[in-house]
Amino acid sequence: MRPWQWTSTRRWPHFAAQPFWLFWPEGGRVRSYAPDFFARKVDGMGVVVDCRPASRVEPCDAVAFEATARACADIGWGYRLVHGHEAVWLANVQWLAGYRHPRHLVEPVAAGLVEVFMEPMPLIKGAETVGDPIAVLPTLLHLLWSRRLEVDLAVRLDSSSIVGAAS
């Protein structure tokens, strides 16, 4: 079995951190590099992703990224070098990540929220429709994290954000 293959009981998509080592000859020596992530998309396509702020890409890093891109192309995988995220999007995702734990999912409240947000409306209005916002908001934020509800994360997440049920 090659180092970047694995088995799982889960169906696509798959995701792994530092999934394999890549070796290639360079200037009389052998270079090596472990990409940051591998993802198998729903359609079965493999994608290797490296994450590095553009300001921190040194010449030796650029060589490793190019070697990884060539290797991926040779075997039919995609390759992406990600330099960062927009600040508002990142802040929203970091906030929602605080609600990713299943303890925030109260199933009767979740069902009510999904029903209420079948018609998109402001976040706080939907929460108030289901119950006391203090009790409802953790479940609502968990549903946003788990994508059972949707919101535009490119815009600052607040009480007036328009939330809808996942399509």
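The first residue in the sequence is number 1, and the count goes up from there.
Contact between Y79 and A69 at its shortest, heavy atoms only, is CD2-CB, 3.6 Å. When all heavy atoms of E26 and V63 are compared, the pair lying nearest together is OE1-CG1, 2.9 Å. Listed here is the closest heavy atom pair of V48 and C72: CG2-SG, 3.5 Å. Across P133 and P138, no two heavy atoms sit closer than the pair O-CD, 4.5 Å. Here the closest heavy-atom approach between residue W145 and residue L96 is recorded as CE3-C, 3.7 Å.
Y99 OH to L144 CG: the interatomic distance, rounded to the nearest 0.5 Å, is 11.0 Å. Atoms CD and CH2, on Q94 and W89 in that order, are 9.0 Å from each other to the nearest 0.5 Å. Considering CZ of F38 and CD of Q18, their distance stands at 15.0 Å, rounded to 0.5 Å. Considering OH of Y33 and CH2 of W24, their distance stands at 8.5 Å, rounded to 0.5 Å.
In this structure, L153 and H85 have side chains that are not in contact, with every pair of non-hydrogen atoms separated by 4.5 Å or more. Proximity of V163 to L143: side-chain heavy atoms (C-beta onward) are nowhere separated by under 4.5 Å.
A tilted orientation is assigned to the rings of F20 and W77, their planes being inclined by 30° to 60°. Using a 30° and 60° split on the angle between ring planes, H104 and H101 fall in the perpendicular class, above 60°.
Distance alone, capped at 3.5 Å, places no donor-acceptor pair between the D152 side chain and the I162 backbone. With D50 contributing its side chain and L81 its backbone, the two residues share no donor-acceptor pair below 3.5 Å. Formation of a donor-acceptor pair under 3.5 Å by the E58 side chain with backbone atoms of C60 is not found in this model.
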Determine all donor-acceptor pairs shorter than 3.5 Å in which one atom belongs to a side chain in residues 118-130; sequence neighbours excluded.
residue	atom	partner	partner atom	Å
T129	OG1	K125	O	2.8

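Ion pair R31/E66 not flagged as a salt bridge, since none of the NZ, NE, NH1 or NH2 atoms sits closer than 4.0 Å to an Asp/Glu carboxylate oxygen.
For D61, the side chain to side chain donor-acceptor pair (under 3.5 Å) partners at least two apart in sequence or on another chain are R52.
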